[in-house]
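Any value given below was found using the heavy atoms of this structure, including those in side chains, with hydrogens, waters and symmetry copies removed. To find a chain, count down the sequence lines: A is the first, B the second, and so on, and within it residues start at 1.
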Amino acid sequence: MVQPSFSHPRSDPTPSTSASPTATLDTFLDNQHQSYFEELYRSEAVCLCILRSLPPVCRHIILHHLWSHQPLRTAEVKSFLQMDIKASLQEVDEVMRPALNRKILHPIVHKKAKMLYPFNDSFKKGLRNALTGLGTSNSFGVPYDREENDEVPSQEELVAYGEDAFEGILKYMVSSGLGIGFSVARPQSEVLELLHTSGLMIDPNDPTGQNPNINRLTITSKGFQFLLEDRQTQLWEILMYYLNAKEANSERSAEVLSMFFSLGCMQLGQDYSASQSFPRALSALNDLAQYGFIYRPSPDSDQFFPTHLATALCSGDAVATKGQDADEKRFLILETNYKIYAYTSNELEIAILNLFVDIRIRYPNLIVGKLDRRNVKSAMEKGISASQIISYLSSHAHPQMYNSPPPLLHPTIVDQLHLWDRERNRLKLEDTVMFEFFSKELFEDTEAEANANAALQLALPKEKFLFIEPQTKSAITEFVKERQNQLRSGL
Amino acid sequence: MVPPPPMESRFYPKTTPPSVLLVILDIHPLSWSLLSSPPPLPPFTEHPGIDKAQATPMSLPDFVTILMVFLNAHLASRWGNEVVIYGASAGRAKLLYPPPPNAVAGPSKPRPNSYHPFQLLDSRIEQGLKEMAAEEQERLENGNVKSLNEPPSMVSALTKALCFVNRIQPSSSTAAALIDPTSQDASGSNSNGPDRPETRILIINATPGSNISNSDQSNGVSGENGDDGDNNSKGQGSKGGQMRGGYVGLMNCVFAAQKAKVPIDVLSLPPPSIDASPPIFLQQAAHLTEGIYWQWNGRGALLQYLHAIYLPPPSLRHHPFAVPPQDAVGFRAVCFCHHKTLDVGFVCSVCLSIFCEPRSVCLMCKTRFPIKSIPTLKTLATYIEPIPVPDTVPPPVIQKGSKMHQINENAKKDKSKAVNGDRSDPIEID
Amino acid sequence: MSSAYGDAYAVKVTSGVLVTCDSAAKQILLHLDSKRDGPYKFMIRDIDETHMIIKREYVDEVRDSLQDELEKNTYVQDPNL
Amino acid sequence: MPLDSNYTPAVEDEEEDDILDDDLPGPSSRGKKGGIAGNKANGKGKDPGRHAWEAEYKKSWDIVQEDESGSLESAVESLLARGRRKRALMADTPLRRSIIRHLFIILDLSESMNDKDYRPTRFEVILGYLRSYVVEWFDQNPLGQIGIIMMRDRLSEVLVPMGGNPQEILSVLSDKRKLEPSGEPSLQNGLVMAKGGMSHLPTTSSLETLIIFSSISTADPDGPSTIHTVLQDLVTNEIRTSIIALAGEIKICKQISERTGGKFGVALDQDHLKDLMWETIPPPATTISNPTTIGVRNALAAASATGKNGVTGKTPVGDLMVMGFPIQLPLGGETLCACHGLLKKGGYLCPRCGSKLCDVPTDCEVCGLMVVSSPHLARSFWFLFPVANYGVLAVEEVMDSSTSDTCAGCDVEFPDVTSIEEGVAQVEDGVSPTGRYRCAKCRNDFCADCDLYIHDTLHTCPGCSQ
C-alpha cells in the first residue's frame, strides 16, 4: 500500500505531484490541432518552453537531431536508445509520443515498420533561433526604454507584490470556506467570475450556477483541492481556466498562451513594453495583472514588470520559483507519531494546514499540531483526498526529512491516511433491480443480454441472481418474457 | 490510489537532476593558429591510422560561436542547468563565466529576441575571452615570449574546476562528516535536499599531442637554455610546477574527480591530419573518470557532434543513451627525470617514482639501488622496443639523436644534483 | 399462465438499492436491521457475504447509522492528552 | 611511542580549560601542540589523577558546542583547525614509504564489542568505520592487499583471506549475522594466524597487522608458545603491528606495537577512534633498520630478462623495478588472452611483448615484465610532491597588499576585510581571521574549503600548477 511515488525523490523524481505542475497545460496542448501549434511556434519563447516541457529522453533526442538536415528515422532513435533494431514501432513511438503530440515531429510512414519524423519547420526554426538569438518575433519581450531617473521596483518588491496579489485570492477562498476570517480585500469581479466558472467556488444560494452572486461565493471541494496544490500547479490551473474562458468566448487563445510562455522567459526586475511585446494580447495582459503576474507602475502605462509568478511560470520545478524559494516552502516535519512541526508564519499555509491538522501550539514561527482522525476526516468531508494530503505533506517536507532514509513520509502515516480515506465510503449504494431466476439457461441468456446493453451491475451465477440498472428494467423484462415464451414453447 | 508506474517509465527517467557543466576551453594561441590554418600535409605520413584528408580550418571565433550555441542548448535542456567556463591559455587558467562578482553584469538591456540567460552567458564569454587575449598580448609585449611555449595549463583549470565542484557539493569528508560519525558508511550518498545537481567537466583541447609530454619536446631546445632564465625570473616553483602541473597534477585531479564522481569529458580538436598522437593523458583522464573522449576528424559538423556526444547529462548517458565507443587507452606514464612518455620504465620500489633509465640513486627518496643490478637493467632497457599497437594508439615517439644527447647531459645534471642530495624540492631536477 | 411454483422459467423481480460492502460492515448492517422491526426493517434481501438489498427510503438513514456504529468502535485519543 | 603520551596520566593540571572548544587532536598533532594534547588527557576527567580511559564517555556530538552567540561557527572552525594541524605534520613526513602493503585487520569480536559506550554499540561503530576504512585504504594503496581475521570464543578465524578487492571485503563486512560478537578474544591466536597468513609474502612489501582490540584481556591457549614468543616471531618477520584499543591501555599490546614498530593508541571517542584508524592508511615510512630485500616480482622481471635471478647477497634498501605500462584495449572483438588462454573482450597489451593480459597489475605471462597501469603508481605520487601548507593571513596583510578578492580555487568571494570583527579571529590557531589561506609558492589566496579540499583530496595547488 506504500506508494512508490512517496519514496526518496532522487530514487523516484516528482514525489509530491504525481502529475507535473503543467499537467493541465499538457492536457490542453494535447487536444490542440496542427494550426494551433503553427501559430504558437512562431514565438521562440514557446519553442524553448515546449522543448523543456518534454520528458528528458525525448528532449535530448530532439536536441540531438536539431541541427541535422535529414528527418529523424526510427532506426536512429532505436540506436540512440540501444534498442534492438527489430524493436517494435510502439516502443519508439512511446518515447517520441510527447513530441508527436506537440506536433514537433510529423510522423510519416516510411517503409513498413519504419517511420520518418521530419521536424515541424516552424518549431525547428523557432528553436534554432532561440538558441542562436536570431529570432525576429520579439518573443522574449521588448524592454521598455525608460528615462534614467524614474524609479524601478526592486526584485523583492516585485516578489512581495506578486505574493500579496495571488495569496490574496487564495486567502479569500480559504476564508470563504472556513470560519477563519482573513482581513483580505475581495478580488476584482473578473477574478471572482473566473473562480466561479472554474468551479473552484460556488454561490451556495444558487445551485444552478446560472446567475451567481459573486459576492457570496464559497469554496468548493474542488477549491480545497486547488489550495493543496503547489504554487506552480495553481498558477497553471488558473491560467488554463482563464484560457478556457477565452476559448468559451470563441477568442483565439494561441496569442494568449504564447504570451504566457513569453512571460515565463522574462527577467525578474526588468521592465518591458506591453504594446511592443504583446501587441495582440494587451487585454489578456491587463487581466493577468489582477492575479499578480505582472506589475504596472500606473494602470494605463505601457511599461510593465513581470513578477516572480510570471518569470517562474516555465521553470519546471518549483525549486526554481523565486520569492518562495525551496527552504521557505519546505517547513514541515512530520513524525511517525503523527506530530507535525511547521516552521512557518505564513497565514495561508497555516490556514491550509488547519484544514486537516489539529493545531495544538502556535508560536510566532512554529506550529505544532497533530494529524488526527477527526481533522483528517473532516477535511475528507470537504472533498480532500488522502493522496492530496500526502502530496502536500511531502512537497512541503523540511530538508531535514530528506536526511532520514526513504521513503520521505513514513509508511505507517501514509497507510493510515489511505485507510481513513477508505473508511469514509465502506458502502457502495446503487439503485438496482434484482432478477431471480430458477432456470440456468434463462439466467445466462439474460445475463448475456444485459451485458450487451451494459445494463449489468452484478451477476451471481451460483444463486442465479442478476442485478441490472433500474432504467433498463423494462427492456430486460421484455427480453425475459419472450425468452420465457421461447423456452416454454421449446418443451 | 495511484497505480504503480508503467514499465517504460522505469526504463526512461521522468526527470533528471539539474546538471552543472564545467567547460575548460583551451585557447592557446599557437594551437589555434595551427587549427585555423592547418598544415598542408599530415606530419606522420607513415602512420597508417590517419587519413590524409585536409582538415577544414577552424578559427577560435568560429569555434566559440559554435560552443555558445552548444552551451545555450545545455541551458535550454533543463531548468536549473548551469554553465561554468574556464579559459586555459599558455601556462595560465582563468574563470570566464560566471563573471567575478565585481565585474559588470553583462549588458544592461536584454535583447527582445534572445533569452536573457543566453545573452548574459554569450556576452560574458566574449568579454572574458577578449580580456584574456589582451592579457596574453601584454605578456608578449613584456617580452617573455617563452611563456608561449608553455602548454595550456589544463591542470590549473582542472583544479579550479574541481574546487568549484567541491564548493557546490562538498564531499562527505568535510567538517560535517567529522561531526557526526553516522555518515560513515561506504556509500557516502547523503544528499542534503531533494535534488542535488550532477556535475561534469568538459575539456576542449586544442593543443596537438599529449600536451604534457610533448610540450617538453616542443620547447625542448629553447626550453633547456630557457630554464635558467625561467628559474631566476619566475622562481624555481614554476619549473617544478610545470612538471608537477603536468603529469602528476593531472593524475591527482583525475583521482579527485573519481572521488567526487565527476566525469571528465574530453573533446580533442586537433584532427589526425594535424596531430597523429592523441593527448593520451587527457584520454586517460576521460577513461578513468568514465568520461567521453572523442577526437574531431577535422571535417566540420562540430555543432552536431557536440550536441550528439556531449549534451546528454551523466544520468542519461549510459542509460538509456549510449556513449560512443572509446578508443584503446595507453596507460603510459611520464618519467620524473626527463618528462618522457614511457611504455616501460624503471620504478623505485620504495617511492614508486618512475625513471626512463636505470640509475643508482632514486631522485625522489634518495634510496640507493644495488649497483649489481644496474648493468642487467641497462641491458634490459635496450631490449625495449615499440610494439605493433592498434591504429587507435600512436607508436611511442622515437627520440632524435640531438634529443638523446641532451637527455644524457640532463642525466649527468640529475646525478650531480642527486649526489648533492637536496631534499628541499625534489622537483627541481633538470 | 402457470403459477410461479414449479415453473422452471419463473422470474422473481425485486427492486431496491444494492449495497456492496466489506463483510464487516455487512455484519453491522445485519445487526442494525435485526434491532428494528416491522416496517422499519430496511433490508429487503440478504444476498451474500458482501451484498444486500435495502429499501430506497432508508438509504441515508442506514449510511448514517453505520457511520455512528463505526465511530462507536473507533478509539479517538482524547486531544487533551 | 608518541601516541601513548596522550594517555599517560597527565602531569600538568593547569589550564583547566573547558572542553567546549575541545578539538581532540589526533596524536599526530601532539608534535605541534603538545600542551593541548597533554591537556586533553586530563581534560577528559576534571580531576587530574584520572586516566583518560577512566573518563566518562563523551559523545561526539557533545564536542560541538554553540558559542555564546548560539552559532556553531566556533565549533566547526575548531574542527577545521584540527584538520589543518593534522596536515601540518603530514607535510614533513619522510618521502620513503613502502607502497606495496599487505595488511591483516585483526578484529576483536569478543563480548566486549557489545558495549554501548560507543553508540549504538562498539560493534556497529567499528563495522561502520571499517567499511569506509577499507575503501579509503585501497584508495591510497592501490597495490596493497587486505585480509581480515576475527577473534572470538578464544579462537581466531580468517574472515577474508588476503586480497586486493575492496568490494569482496565490504560485502563480508556488511552482513552482521556472521560477525556476532561472543566469548573472549585470543590475541595470540590472532597474531599467529596473521603471521601464518603472511609467511609466504615477499618482505619487499611491508607486512602489517592492524588490531582493533575491544576487550581488556586476552585468553591465550596454554602450551609451549606464549604470546611473547609470538611477539618475537613478529619482530623477526618484521610484521608491523598496530593496535587500537577501545577499552584501555594494555601492557602487552603496547609492548607488541612498540617492538614491531607499529603504533598503539587508545581511542577516546568515536572521532578519535577514526583518527587513529585513518592514521594507519597512508603508507608507513620505511624505517632504516628495516631491510627490504629484492621482491619476487622484481626478481621475476630480472630473471626473465637475464637468466640469473636477481637476488644478491647484500640486501640493499630498495631496488629499481622494471615496470611496463600497458595499453587497454577497447571492448571490441574477443581475443585470446595470454594469462588464461581464453577468448575475452578488452584486456591489456603488454608494452614489451605485446601479449594480451586480462588484468593489471600482474606479471606478463610471456616476457615476465611487471605490468601496471600508470594510474596505480600515480595514486601514490601525491606524497612525493606534497602541497605545502597554506599560511593564514592576518587582517592587515590583506589590507595593505593588493590581493584578489576571490578564492584562487573556487573563485568564491572572500568576506570583506573591513567587516571582520576581531571576535572570530581567536577561535583557534591555524584558522585565518580573514578566511584566506595563502600558498607560500604562488602567493595565491584560497578559502578554507578549498584549503581543506586541496590538501585532503586534490593534492595539487591550483596556483602552483600554472
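Crowding of A/Lys125 atom NZ: a count of heavy atoms from other residues, nucleotides or ligands under 6.0 Å not exceeding 12. Remark: B/Glu290 CD is loosely packed, at most 12 non-hydrogen atoms of other residues, nucleotides or ligands lying under 6.0 Å away. A/Lys78 NZ: more than 12 foreign heavy atoms inside a 6.0 Å radius.
Atoms CZ and CG, from B/Phe70 and A/Leu131 in turn, are 11.5 Å apart once rounded to the nearest 0.5 Å. Note that OG1 of A/Thr311 is 12.5 Å distant from NE2 of B/His116, once rounded to the nearest 0.5 Å. A/Leu63 CG to B/Leu306 CG: the interatomic distance, rounded to the nearest 0.5 Å, is 12.5 Å. Atom OG of B/Ser114 is separated from atom CG of A/Leu134 by 9.5 Å, given to the nearest 0.5 angstrom. Taking CG of B/Asn113 as the start and OG1 of A/Thr136 as the end, the distance is 6.0 Å to the nearest 0.5 Å. Remark: B/Ser77 OG to A/Ile62 CD1 distance equals 13.0 Å, nearest 0.5 Å.
Neither the backbone nor the side chain of A/Asp421 has a heavy atom closer than 4.5 Å to any heavy atom of chain B. For B/His74, no part sits under 4.5 Å from any heavy atom of chain A, backbone or side chain. Both the backbone and the side chain of A/Gln82 come within contact range of chain B, each with at least one heavy atom under 4.5 Å from a heavy atom of that chain. Of the atoms belonging to A/Leu48, it is side-chain heavy atoms, and not backbone ones, that fall under 4.5 Å from chain B. Both the backbone and the side chain of B/Leu311 come within contact range of chain A, with heavy atoms under 4.5 Å apart. Neither the backbone nor the side chain of A/Met266 comes within less than 4.5 Å of any heavy atom of chain B.
The closest side-chain heavy-atom distance from B/Pro313 to A/His60 is below 4.5 Å. Taking the side chain as every heavy atom from C-beta outward, A/Gln267 and B/Pro117 approach each other to under 4.5 Å.
For B/Ala308 against A/His64, the heavy-atom pair with the smallest separation is CB-NE2, 3.3 Å. The two residues A/Pro56 and B/Leu316 have their closest heavy-atom pair at CB-CD1, 4.0 Å. For B/Phe321 against A/Val57, the heavy-atom pair with the smallest separation is CZ-O, 3.7 Å.
With respect to chain B, the highest number of heavy-atom pairs below 4.5 Å among A/Thr132, A/Leu81, A/Val142, A/Asp145 belongs to A/Leu81. Contacts with chain B were tallied for A/Gly133, A/Pro55, A/Pro143; A/Pro143 has the most, counting heavy-atom pairs under 4.5 Å. Of the listed residues A/Ser139, A/Ser137, A/Gly135, the one with more heavy-atom pairs under 4.5 angstrom with chain B than any other is A/Gly135.
Relative orientation of the B/Tyr115 and A/Phe140 rings is tilted, given thresholds of 30° and 60° on the angle between their planes.
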